[in-house]
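First the structure, in the form of structure tokens, and then the observations on it.
Remember, predicted model here, so these are calculated numbers, not experimental data. Per chain, numbering begins at 1; letters A, B, ... match sequence-line order.
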Amino acid sequence: MRASELFFPTLREDPSEAEIASHRLLYRAGMIRKTAGGVYTYLPLGYRVLRKIMNIVREEMDRAGGQELGLPIIQPAELWTRSGRWVVYGDEMFRLKDRHQRDFCLGPTHEEVITDVVDHDVHSYRDLPLLLYQIQNKYRDEIRPRFGLMRAREFIMKDLYSFDVDQEGMNVSYDKMYKAYSRVFDRLGLAYRVVEADSGAIGGSVSHEFVVLASTGESVVVFCDSCGYAANVEKSACVPEPRAEQEIALTLQKISTPEQKTIQEVCRFLELPSHRLVKTLVYMADEEPVAVLVRGDREINEIKLKNHLGCNFIEMADEWTVKEMVGANFGSLGPVGLKMKLYADLEVEQMTNLVCGANEDDYHYINVNPGRDFQPLAFIDIRSAQGGDLCPVCREGKLEETRGIETGHIFQLGTKYSEAMGAKFLDENGQERPMVMGCYGIGVSRVMAAAVEQNHDEHGIIWPISIAPYHVLIVPVNVNNAEQLDVAERIYAMMQEAGIEVLLDDRNERAGVKFKDADLIGIPVRVTIGSKSLQAGQVEVKKRWEKDYELVEIAQVLDTVRSIISAFA
RNA sequence: CGGGGCGUGGCGCAGUUUGGUAGCGCGUCUGAUUUGGGAUCAGAAGGUCGCAGGUUCAAAUCCUGUCGCCCCGACCA
């Protein structure tokens, strides 16, 4: 391809709306444009990247026994009513009506459709297992689309659904997908971690996330440096440190703490570390108030809390309601004498002489002791894991914390959808049974953003070779110099002949412009043809991720470039 | 949905407080000179100031409504 003919409108300045690197750089590099909030057009360079990602995904799904199909994006409400999700999905679903006022939606996911398809045409255990997948646009009317492709309302996703005769079969399918996903992410050339995850609203039990590591990521994961355990902080179990030597319980005392509301303020005021304090939070769990306690330096984990309580819906009570019930504002709550359902984190049980609010504004208690001064209904694991925690599995290592971008998620669904949608089969005994399902997603467009988020510098994108729009960029410094252009054209022809994906920057632009664009669009290998080196019969070969270039004889360019590419292929 | 901010040539912005007939940089087009890290000079095109009402002799500017976008929060494969 010739740059003079390629549609890649690069921008000199950052678009004002772009906050994070991937959004900014994909936009400036002429790879994406916004069409509406959370809806993007993929320009040729960007689309080439997406195709590369899709192809890697496709090859690995096929290798694992998946069969690709195409599913409708417009889906009838009837299917969603059957699964019960027409209501549950709420405002996040794009809904529309046809001319007869029949309800449809733009598919946010495809469990319903695929299960319906399988229900119609699969009836025997002989037809199972079945692994079906699609790579298509999906639609979610996000509350707040943001960060460009990272959280868009229209996005490309690969979803594979597995259908098995029983749990054991599903385990096999799940394992296949786990391995296939690992291969996909290896091939994408991205640093990632597989972590145990909460299965959330999708349902089911076992679940893993594939998280591309990036400091700007929205997911926080922890991993154990000694046993290899890794999990999303929302999922990771927390075990209390073994109790150090027991302090002597002192007498409960109420003290004045005027205007001291936050944990931070109280710490400073009393000159105590935050882990000596207890945070009291009030939730409304299905309309019923519940108070929960965690150590002052910990964060409550609402997912765990919800799971423990077994309720459908929880939210923080608002301050006004709390004031009504307790008589104190948020900053002064505490468990002592609190007349409300009370749960405490496991760690709280081990605390001695702790500090908490006195349920009276501007007062706190000190020397509070669990069991003596208050008694929760139970001590349970309801905090989020953090770096530095004891590993809950080997109980030896410390957890390290890192941020990342969730780009893949695999779930064991079980029979939730097959039962709701009636996807049953006859087993070898003629018994009718629901199929056991799994579902496995990769956010293709999100992978593109994550790749940039992880691989860029101040000048632009640094694509991993496996998903770069082109492998090689040939830059004749001055196309008005006949010799330079001639050499560039020859190398270009030679590489095309050799099947290398090559872009020739034959634009009549100044060198600076071409180099800036080259850095921005991030093609891994740059071959520069300039007058100085050309006199010695040489050209420059530069890797995008390295600062310096090497001089190479013209006759050797092809081999040099080939070996660079193959080293990463 | 709550809080904050912004809509002015393709992009980035000034002008709005204090109404007076729209400006800067980049980009685009023509010509010349240039050609190893976003060239220089000369010329040119391109804007119903998001949209709709209202106030006024006069509105980008003031008022009302509305649409869109961005950020924070709640939410989330």
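- Side-chain N/O atoms of A:Tyr139 and A:Asp141 include no donor and acceptor closer than 3.5 Å.
- Look at A:Arg144 and you'll find a side-chain N or O under 4.0 angstrom from OP1 or OP2 of B:C71.
- Inspection of the A:Glu209 and A:Asn232 side chains reveals an N or O donor paired with an N or O acceptor under 3.5 Å.
- Regarding contacts with the backbone of B:C26, every side-chain N or O of A:Arg12 stays at 4.0 angstrom or more from both OP1 and OP2.
- The partner of B:C13 is B:G23, by the rule that a Watson-Crick or G-U pair needs both atom distances under 3.5 Å.
- Contact annotation: side chain of A:Glu540 to base of B:G36, donor-acceptor pair present below 3.5 Å.
- Using Watson-Crick or G-U wobble geometry with both donor-acceptor distances under 3.5 Å, B:C1 finds its partner in B:G73.
- In this structure, A:Gly441 reaches neither bases nor backbone, as no heavy-atom distance under 4.0 Å exists between it and the strands shown.
- Judged by atom type and distance alone, A:Arg146 does not reach the base of B:C71 through any side-chain donor-acceptor pair under 3.5 Å.
- Under the 3.5 Å distance criterion, with hydrogens and angles disregarded, a donor-acceptor pair is assigned to the side chains of A:Arg85 and A:Tyr417.
- With a 3.5 Å ceiling on both atom-pair distances, B:U35 lacks any Watson-Crick or G-U wobble partner.
- In this structure, A:Phe104 and A:Arg95 have side chains that are not in contact, with every pair of non-hydrogen atoms separated by 4.5 Å or more.
- Counted by atom type alone, A:Thr109 and A:Glu111 present one or more donor-acceptor pairs between their side chains at under 3.5 Å.
- Between A:Lys514 and B:U35 there is no side-chain polar atom (N or O) within less than 4.0 angstrom of OP1 or OP2.
- Residue order along RNA chain B, read from the 5' end via each residue's closest nucleotide, puts A:Thr10 first among A:Gly408 and A:Thr10.
- Considering only side-chain N and O atoms, A:Ser16 lies nowhere under 4.0 angstrom from the phosphate OP1 or OP2 of B:C11.
- Across all strands shown, B:C29 is found opposite B:G43 as a Watson-Crick or G-U wobble partner, with both distances under 3.5 Å.
- When each of A:Gln484 and A:Thr407 is assigned the nucleotide of RNA chain B with its nearest heavy atom, A:Gln484 is the one assigned upstream, toward the 5' end.
- The gap from the P atom of B:U21 to that of B:G12 amounts to 27 Å, rounded to the nearest Å.
- Counting non-hydrogen atoms under 4.0 angstrom, A:Asp519 reaches a base of the nucleic acid.
- Contact of A:Arg526 with B:G36 (side chain to base): no donor-acceptor pair of N or O atoms is detected under 3.5 Å.
- Judged by distance alone with a 3.5 Å cut-off, no donor-acceptor contact links the side chain of A:Glu509 to the base of B:G38.
- Of all nucleotides present, only B:C67 satisfies the Watson-Crick or G-U wobble test against B:G7, with each distance under 3.5 Å.
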